[in-house]
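Per chain, numbering begins at 1; letters A, B, ... match sequence-line order.
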Amino acid sequence: MKALPRRFYTRNTLIVAEELLGKRLVRYIDGSEMIGRIVEVEAYGGSDDPGSHACRGMTPRNQLMFREGGFAYVYFIYGKHYCFNVVTEKRNVPGAVLIRALEPIKGIETMKRNRGIHSVLNLTNGPGKLAEAMKITKKQNGLDLTKSKELFICESEEKEERFEIVSTRRIGIKVGVDKPWRLYIKNNKFVSRK
DNA sequence: GAGAAGATCTCCT
DNA sequence: GGAGATCTTCTCA
């Protein structure tokens, strides 16, 4: 399994978001391996996107969004949850893709332990849930996804079946809801909301 | 230094 | 379908 190269990430955020669907998110920790198929994402931009953390310029938290693509941007929200994003675009152009849902492929027992539940359907069907299942925390913030051995994204090993992409307005934000920048794989059971 | 809001989840009805 | 949990981050004084 080979991590996607830098040039995959240093492109337009919406293109990266769309092409991330169907890819594999791979996580190695404590000798165990977890893999999930990316089935739902949301794109976030810069000053043109009021729903983005980066809409008012750089701050200590969002500075990663201004780096070149290919880094992990993880933040803590609502006092309980971590959200995992992939940084996109060239240096000084803010952009990131929030990974909202995965279809568990491998390491399902480990994910169940991490989440403390038995239902596979509820393991990774939301941004906070998949971070907990894969033990993604602030420690992974700033990780280089093109070089890291513990967390990266790659092509699927088997041939990926063709799927249809649905785009809707984004979830959980109050501004910038006019942009249809939430993308998910049609008819997939692990998408967070229909 | 204080106050408010947040890219969510879970539990309860 | 709705509220509460709970803490980080940003804004403003």
Side-chain angles (χ1 to χ4, degrees), chain A residues 9 12-18 20-21 23 25 36 38-67 69-89 93-104 111-143 145 151 153 165-185 188-194:
Chain A
Y9 298 104
N12 176 272
T13 305
L14 278 175
I15 293 173
V16 178
E18 187 175 328
L20 277 173
L21 291 174
K23 296 278 191 293
L25 179 63
I38 298 171
V39 299
E40 179 181 351
V41 297
E42 278 178 5
Y44 286 89
S47 53
D48 57 332
D49 180 7
S52 169
H53 288 167
C55 69
R56 289 172 184 275
M58 204 187 306
T59 67
R61 173 170 74 159
N62 70 20
Q63 58 172 325
L64 271 159
M65 289 183 72
F66 291 78
R67 289 178 79 169
F71 290 89
Y73 171 43
V74 185
Y75 61 85
F76 191 65
I77 192 76
Y78 299 122
K80 273 193 175 124
H81 307 288
Y82 291 99
C83 288
F84 170 60
N85 296 249
V86 175
V87 176
T88 60
E89 304 275 3
V93 181
V97 176
L98 170 68
I99 309 298
R100 285 195 55 90
L102 301 173
E103 177 176 341
M111 295 188 201
K112 283 182 180 175
R113 266 202 309 280
N114 291 343
R115 293 264 296 122
I117 60 168
H118 297 289
S119 156
V120 176
L121 270 177
N122 284 312
L123 274 184
T124 53
N125 61 335
K129 296 180 188 178
L130 72 88
E132 188 178 36
M134 288 204 161
K135 282 203 174 179
I136 296 173
T137 69
K138 217 173 167 52
K139 284 182 191 165
Q140 278 69 46
N141 193 34
L143 213 63
L145 299 171
L151 183 67
I153 298 170
I165 294 175
V166 184
S167 71
T168 70
R169 55 180 48 190
R170 293 172 293 181
I171 291 178
I173 55 175
K174 296 197 173 96
V175 289
V177 290
D178 54 311
K179 298 182 191 303
W181 286 358
R182 170 178 176 245
L183 308 173
Y184 63 87
I185 293 180
N188 187 281
K189 282 185 287 191
F190 296 90
V191 167
S192 64
R193 289 196 227 170
K194 295 288 149 26

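- When both distances must be under 3.5 Å, the Watson-Crick or G-U wobble mate of B/dA7 does not exist.
- Taking CZ from A/R113 and NZ from A/K135, the interatomic distance works out to 8.5 Å, rounded to the nearest 0.5 Å.
- Nucleotides of DNA chain B lying under 4.0 Å from heavy atoms of chain A occupy a range whose first and last members, 5' to 3', are B/dG6 to B/dT10.
- Distance, A/M58 CE to C/dC10 P: 12 Å, rounded to whole Å.
- Counting non-hydrogen atoms of neighbouring residues, nucleotides and ligands closer than 6.0 angstrom, the NZ atom of A/K174 reaches no more than 12 such neighbours.
- Residues A/V97 and A/I117 each lie close to DNA chain B; by heavy-atom proximity, the contact nearer the 5' end of the strand is made by A/V97.
- C/dT6 makes up no base pair with any nucleotide shown, lacking Watson-Crick or G-U wobble contacts both under 3.5 Å.
- The backbone N or O of A/E40 lies less than 3.5 Å from no partner atom in the side chain of A/R100, so there is not a single donor-acceptor pair.
- Here A/R61 lies in heavy-atom contact (under 4.0 Å) with sugar-phosphate atoms only.
- Mapping A/K80 and A/K174 onto DNA chain B by nearest heavy atom places A/K174 at the nucleotide closer to the 5' end.
- The CZ atom of A/R193 sits 11 Å away from the P atom of C/dG1 (whole-angstrom rounding).
- Taking atom OH of residue A/Y82 and atom C1' of nucleotide C/dT6, one finds them 12 Å apart after rounding to whole Å.
- Once rounded to the nearest 0.5 Å, the distance linking OH of A/Y44 with NE2 of A/H53 reads 7.5 Å.
- A/F76 comes within contact range of the sugar-phosphate backbone alone, with a heavy-atom separation under 4.0 Å but no base atom that close.
- Between A/M111 atom CE and A/M134 atom CE the span is 4.0 Å, to the nearest 0.5 Å.
- Heavy atoms of A/R115 sit under 4.0 angstrom from primed sugar atoms or phosphate atoms, though from no base atom.
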Stepwise ring pair (Phe, Tyr, Trp, His ring centres under 6.0 Å) test for A/Y75 and A/Y73
CA-CA 7 Å; A/Y75 61 85; A/Y73 171 43; 5.5 Å; yes
